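First up is the structure itself, then whatever we jot down about it.
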Amino acid sequence: MPRGYMGKILRVDLTAGKWSVQDFPENWMRMYVGGNGLAARILFDELKPGIDPLSPDNILIFATGPLTGTSFPSSGRWAAYAKSPLTTAVWGEAHSGGTWGPELKYAGFDAIVVTGRSEKPVYLWIEDGNVEIRDAAHLWGKDVFDTDEILKEEIGDETIKAIYIGPAGEKLVRLACIMDNLYRAAGRCGLGAVMGSKNLKAIVCRGSKDIEVERPDEFLRVTEELLEKMKENPITGEALPTYGTDVLTNIINEVGGLPTFNFQQGWHPEAWKNSGETLRDTILIKNRGCRFCWIRCARYSLIRSGPYAGVIGEGPEYETVWAFGSNCGVFRLDAIHAANTLCNKYGLDTISTGNIIGWAMELYERGILTKEDTDGLEIKFGCHEAMVELVERIALRKGKLGDLLAEGWIRASEKIGKGSDRFIMGVKGLGLPAYSPRAFWGHALAYATSLRGGCHLRAYMIAPEVLGVPKKMDPLTTEGKAEMCILLQDYFAFVDSSLVCKFVTFALTPEDFAKAMTSCTGWNWTADDILKTGERIWNLERMIQCRENVGRKDDTLPERCLKEPAPVGPAKGKVVPLEVMLDEYYELRGWDLKTGIPKPDKLRELGLEKAAELSEKLLGRTSR
């Protein structure tokens, strides 16, 4: 077995109340690495098409990668996977930093696969290969902060590492996330609701096992060199440590891409009030970081005065600042931090929650929602009190509007009607993050083709279109965008399978990962191997979607981005010319132009024979 792995996958059947250990197949390590790749293989093999995501039939996976918990820079990560209860994308995926991921490996496992549903609330206790399924009735109903405190007191160890859901996950709020170490979140796709549907409150780990690498001296030398590259890079070495992720607010606003008033425009003169520079000068206490991370981009902040005085905790991050800030027409960090802290307390994805509140605000201002629909709450853009109140209502399903928005855009718009679906700013049911598609056409393509729906992290085209990494590209042209989008998607699919922080890619290349993986595992890796493995993983994820009828018809953008010209800023007058980029994207991917299904020959080239057989069936069906 190659080094870097613990070699074990924990299988937990909550219906039976039993667990078992599976050897991690060595050929899977080479073909799928870990993280996204491992989850894709398991879900392709075992997930039944058509199941209800909140039923016991869903499969919930927690995974690490071979670099997780090693001396590789920023290696303190893990991810969760399942069929999403929020989106139409099927593929549900959420990544987190924090402290828990490495501890799972130290406790003896590379991944956990959870099936079934417990009759009563439980949590998992994992220590050096030993597993207990423990009663969690006393934890059910507790918020994230109380849950963490009770678990540490119950086990008698402040150093344990745990992930957990809050009341939002318990109440099956489809925006619910899974929290780690109080403030880190596996946020997107509603996987906290999947955890809640299984009556699984938490997973607690403590481990003392070593992660062995094949060539320790070489691996240490390589990882030290890579860390120096990160320190010398202006983004990972200066911008993120100095201002955190919120360094982007002024940058993105300046180029006309900061979504404002539910993406109606991409620029606002008061955006600076929410910037990382302002945050540092007003509410910041200190910088913090995830486990094994030198960048320390997290902010620990305190509101000292005003209506939100006393709010303290980690954050807010750039995406959160945008979601509760310009997207809702709110330009005050105290209200944003208050909303962020409530999301952490109850276990809500900040991006989705702020996005759907902005949507509700637009519906209210257009008269589609009335005070009768909002239980008397006046949810106009800029009303920070209403915004903060709505966070709690969504988390606890309080009132008509809170309960409605807790179901996500698709289900909520079906109930509201009146053309409300036209104003949903999402892809495949997942709300878009903090970059306006009309200002960044390559990023728009990345949104449309993202496998989990509206996501900025499966191909961060802002890097080339704004930051000039790996090269500078004009954001308002289609030239070269499909090729670059594919390159980043394949690269990031590998990074998300090795499971380290994606911020390292601002400084590190596939060649750098190849050197690290070679000295870690003992297998010879090249940059081409890195990208080809990422391509394999991306295509397998896509086939999980395709067998549930997700394809080209779903690879699109909100009507606003395609038909309504941007009203202000550098992108004024622009809409996204998506179709021409999609055609080129499918051609380069080796996917069927009409359906978006990967062609059998492409899948066989990647060693995915079963997926190729499925493709033949699907394409045969669509051609008749």
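These figures come from a predicted structure and were not determined experimentally.
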For [X] and [Y], does a side-chain donor sit closer than 3.5 Å to a side-chain acceptor?
{"X": "Q22", "Y": "R11", "answer": "yes"}
{"X": "D529", "Y": "T526", "answer": "yes"}
{"X": "T68", "Y": "R77", "answer": "no"}

Using the ring of each side chain (for Trp, its six-membered ring), is [X] parallel, tilted or perpendicular to [Y], with breaks at 30° and 60°?
{"X": "Y5", "Y": "F24", "answer": "perpendicular"}
{"X": "F62", "Y": "W78", "answer": "tilted"}
{"X": "W525", "Y": "F494", "answer": "perpendicular"}
{"X": "Y460", "Y": "H443", "answer": "perpendicular"}

R458 to F492 six-membered ring, cation-pi geometry met (6.0 Å, 45°):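 Checked: cation-pi criterion not met.
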Cation over ring face, R184 and W100, 6.0 Å, 45°: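 No, R184 and W100 do not form such a contact.
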Residues [X], [Y]: salt bridge by 4.0 Å N-O rule:
{"X": "K209", "Y": "D128", "result": "no"}
{"X": "R41", "Y": "D45", "result": "yes"}
{"X": "K161", "Y": "E103", "result": "no"}

Y585: partners by ring pair (Phe, Tyr, Trp, His ring centres under 6.0 Å), with sequence neighbours left out: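 For Y585, the residues satisfying ring pair (Phe, Tyr, Trp, His ring centres under 6.0 Å) (neighbours in sequence not counted) are W591.
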